[in-house]
Amino acid sequence: MALQLYNTMSSRVEEFHPLNDSEVRMYACGPTVYDYGHIGNFRTFIAVDLLRRFLRQSGYQVRHVMNITDVDDKIIRNAARDGVSVQQYTAKYEKAFLEDAAMIGIEQPTLVRATEHIPEMAEFVTKLVERDLAYRTEDGSYYFCIAKFPRYGKLSKKDFSGMVDGARVDVDEYEKDSARDFALWKAPKPGEASWDSSIGPGRPGWHLECSVMSMGELGDSFDLHAGGEDLIFPHHENEIAQSESLTGKPFAHFWFHARFLLVEGEKMSKSLGNFFTLRDLVLKGHKPSSIRYLLTSVPYRNQLNFTLDGLKQAAVSVERLRNFRLRLTSGNFPAGSSDEMQSLARETVDRMRAALEDDLNTAQAQAAIFEMVRRANAAFDSGTVKKDDVAPLLAALGKFDEIFAVLNDDDIPKMKQVVDWAKTEDRDRDITNELREAVQSGQLSDADIEKKIAEMEGARRSRNFNVSDALRAELTTAGIVIENTKDGVRWRRK
RNA sequence: GGCGCGGUACCCAAGUGGUAAGGGAGAGGUCUGCAAAACCUUUAUGCGUCGGUUCGAUUCCGACCCGCGCCUCCA
């Protein structure tokens, strides 16, 4: 069975096969770096990350390219407002974006920046003009002529056949031939930042960069192009128009779009007070792993209702998985193996694969792993897990985490970074007690903790429970959970 | 108005023409010096409403109600 994936172009689920046997070439529309990334941005990027990880787990080499839009109207305006150069302005937010992406477990794609590909873009425009697919207006801007691409609208299923051509719209401002024609290159207005190029000074239109850079990195035709659902029109439609009309070849074969999320049941917006950047959530004390888990728990094509309560629930779910792994790695088991556990591990791996092959049904994959956890825990309790069962169970958990990436317990150092950042940005006030407490368990070293535990165990052995309880309370306050099991003491950071 | 998606238990949420995954939360229990973890039992005769097709529908069709998205640069 191969991956069944929804293709926006055909509006149906199709079997995914790359154009080259073993290599998948995919391009994802990345962020415009004018501000900190919000939770909606990251839903899309995590969906793409999940796809990338699953393709790799399925045996493909993956070439994953993502653009950084480091020039657009908003950037130019904000940079001017702050009195800094465009480069200075975007560098800060690009860095923040990459830190955030790493924080929630997104593997870094090959990055391409718009401002580093100006010459290729100018060349692209020149070719379009030579073939009479684009035109220059009096102010020095360039537009793509939609009338020259009959299949315009094929991705978004829009019908433009009724459009009146040649009727000039917005004459004063744009001088476009048709209202739907889109800007390839924008001439600078007085005082605006601009780039010199073979087609004159200005800045690239948004759509142009993605066509030029994706084809530059991956070839005229490649496997998959991804982005948020809002990009279907006009962004991706325009990319298709300019790319395919120039090369005469199909552009991307699969179009992958992640659905927008809701926050607390409503569209995320600043005015509703439900607009969260990733950093806002960490400042509230939420772990990066909780955020990633919640964002992956609903399949990418379904609307996900992101709530703060859901984040708490996600934290407990992740903890359950981590506890299970700890139980596997720290327990003592009798020699041998049990058929039940061996087949449980096998079935779980199969179920997860089948779920993900079904258009990345992450909810089903999670159900499979939890089913395994429950049944294996029950077997632990009844003593039927054997030494040779540990490896396959751990391997199944490992397969899960190759995709979901929530088990690695590095939340605390990541949260510490956000604390440090908040201080440098004068946002000390926004550091909640929840975050302070969460970071606290990072203060004690492993050796310190083990020393305390040894003391505690000594007290317990001599049945000096007042002393042991005091030590336990002290460690609990410091964010350390101690568990006394029949196989000995086990501890973890909360 | 055009095109599209969804409404499933207290919350999040998957799914199927044949009788409702999973997680969280609550309740009861087992284990435990305490705690933690874990396990067991329990919580939708019900899947927006009303009709229709069918031996049988939450699943297909229709209407309606509600929510959401795109329709020129918001992931």
Side-chain angles (χ1 to χ4, degrees), chain A residues 8 11 28-32 37-48 69 72-74 153 156-160 162 170 174 176 179-183 186 205-207 226-235 237-238 257-262 265-269 293-294 297-299 301-307 309-324 326-327 351 355 358 361-371 373-382 460 463 465-466 468-469 472-473 475-476 481-486 489-492 494:
Chain A
T8 306
S11 304
C29 289
T32 301
H38 59 69
I39 203 64
N41 299 124
F42 288 109
R43 184 201 193 180
T44 298
F45 298 130
I46 283 183
V48 175
T69 299
D72 86 327
D73 294 357
K74 221 167 338 196
S156 53
K157 314 295 178 292
K158 291 181 193 304
D159 183 7
F160 296 100
D170 293 343
Y174 293 119
K176 291 193 281 187
R180 291 278 174 184
D181 286 356
F182 59 88
K186 298 181 185 182
W206 178 36
H207 318 300
E229 63 170 333
D230 59 319
L231 300 187
I232 296 170
F233 189 88
H235 185 52
E237 199 72 72
N238 290 350
H257 294 102
R259 185 125 197 235
F260 268 20
L261 51 67
L262 255 42
E266 295 188 273
K267 181 175 174 157
M268 182 168 67
S269 77
Y293 185 89
L294 180 55
S297 63
V298 177
R301 284 204 296 131
N302 291 0
Q303 199 165 52
L304 181 162
N305 185 12
F306 191 96
T307 65
D309 184 53
L311 228 30
K312 288 184 194 143
Q313 297 183 8
V316 181
S317 299
V318 171
E319 204 173 314
R320 182 168 160 83
L321 295 173
R322 289 180 181 173
N323 282 337
F324 175 75
L326 193 60
R327 204 171 180 184
R351 275 183 66 190
D358 182 12
N361 193 329
T362 48
Q364 298 264 14
Q366 289 179 347
I369 203 73
F370 277 104
E371 174 92 16
V373 168
R374 200 193 73 244
R375 286 171 59 189
N377 267 325
F380 281 135
D381 287 354
S382 64
R460 286 185 69 224
R463 305 192 65 78
F465 293 126
N466 285 338
S468 71
D469 286 353
R472 182 195 293 284
L475 286 165
T476 302
V481 180
I482 297 133
E483 300 177 6
N484 299 90
T485 74
K486 62 176 165 28
V489 190
R490 201 160 68 186
W491 67 272
R492 60 194 160 86
K494 181 87 179 145

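Note that the coordinates shown come from a computational prediction; the quantities given were computed from them, not determined experimentally. In what follows, chains carry the letters A, B, and so on, assigned in the order in which the sequence lines appear, proteins first and then strands, with residues in each chain numbered from 1.
- With a 6.0 Å cutoff to the six-membered ring centre and a 45° limit on the axis angle, A/Lys158 counts as a cation-pi contact of A/Phe233.
- If you check the side chains of A/Arg490 and A/Asn484, you find no donor sitting under 3.5 Å from an acceptor.
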Extract from the structure each pairing of a protein N or O with an N or O of nucleotides 6-15 of chain B at less than 3.5 Å, listing the distance.
{"unit_1": "B/C11", "atom_1": "O2", "unit_2": "A/Gln313", "atom_2": "OE1", "d": "3.4"}
{"unit_1": "B/C11", "atom_1": "O2", "unit_2": "A/Gln313", "atom_2": "NE2", "d": "3.3"}
{"unit_1": "B/A13", "atom_1": "OP1", "unit_2": "A/Asn305", "atom_2": "N", "d": "3.1"}
{"unit_1": "B/A14", "atom_1": "OP1", "unit_2": "A/Asn302", "atom_2": "ND2", "d": "2.2"}
{"unit_1": "B/A14", "atom_1": "O3'", "unit_2": "A/Asn361", "atom_2": "ND2", "d": "3.2"}
{"unit_1": "B/A14", "atom_1": "O2'", "unit_2": "A/Gln364", "atom_2": "NE2", "d": "2.5"}
{"unit_1": "B/G15", "atom_1": "OP1", "unit_2": "A/Asn361", "atom_2": "ND2", "d": "3.1"}

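- Under the 3.5 Å distance criterion, the side-chain polar atoms of A/Glu237 are matched with a main-chain donor or acceptor of A/Ser156.
- For the ring-ring contact (aromatic ring centres under 6.0 Å, His included) test, no residue two or more places apart in sequence or in another chain qualifies with A/Tyr293.
- Listed by chain and residue number, A/His236 satisfy the ring-ring contact (aromatic ring centres under 6.0 Å, His included) test with A/His257 (two or more places apart in sequence, or in another chain).
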When every nucleotide of nucleotides 36-41 of chain B is labelled 5' to 3' by its protein contacts under 4.0 Å (heavy atoms), B for base, S for sugar-phosphate only, - for none, what sequence of letters results? BSBSS-

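- In this model, no side-chain donor or acceptor of A/Lys486 finds a partner on the base of B/C31 within 3.5 Å.
- Judged as a salt bridge (Lys or Arg N to Asp or Glu O under 4.0 Å), and not counting sequence neighbours, the contacts of A/Arg301 are A/Asp359.
- The pair A/Asp381-A/Arg327 meets the salt-bridge criterion, since a charged nitrogen lies less than 4.0 angstrom from a carboxylate oxygen.
- Mapping A/Thr44 and A/Glu229 onto RNA chain B by nearest heavy atom places A/Glu229 at the nucleotide closer to the 5' end.
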Bracket string, RNA chain B, 5' to 3' - pairs by Watson-Crick or G-U geometry under 3.5 Å, | interstrand: (((((((..(((.....[...)))((((((.......))))))....(((((..]....))))))))))))....

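- A straight line from CZ of A/Arg301 to P of B/G69 spans 18 Å, rounded to a whole angstrom.
- Note: A/His207 and A/His235 have tilted aromatic rings, judged against thresholds of 30 and 60 degrees for the angle between ring planes.
- Residue contacts shown for A/Phe260 include a base, since a base heavy atom lies under 4.0 Å away.
- At a threshold of 4.0 angstrom between heavy atoms, the contacts of A/Lys312 with the nucleic acid are absent.
- Scanning atom types as modelled, one donor and one acceptor separated by under 3.5 angstrom connect the side chain of A/Asp469 and the base of B/G33.
- The residue A/His38 sits close to a base: some heavy atom pair falls under 4.0 Å.
- A distance-only check finds a donor-acceptor pair linking the side chain of A/Asn377 to the backbone of A/Val373 [under 3.5 Å].
- Among the nucleotides B/U72, B/A21, B/A75, the one closest to the side chain of A/Ala367 is B/A21.
- Remark: side-chain polar atoms of A/Arg43 are paired, donor with acceptor, to backbone N or O of A/Arg259 under 3.5 angstrom.
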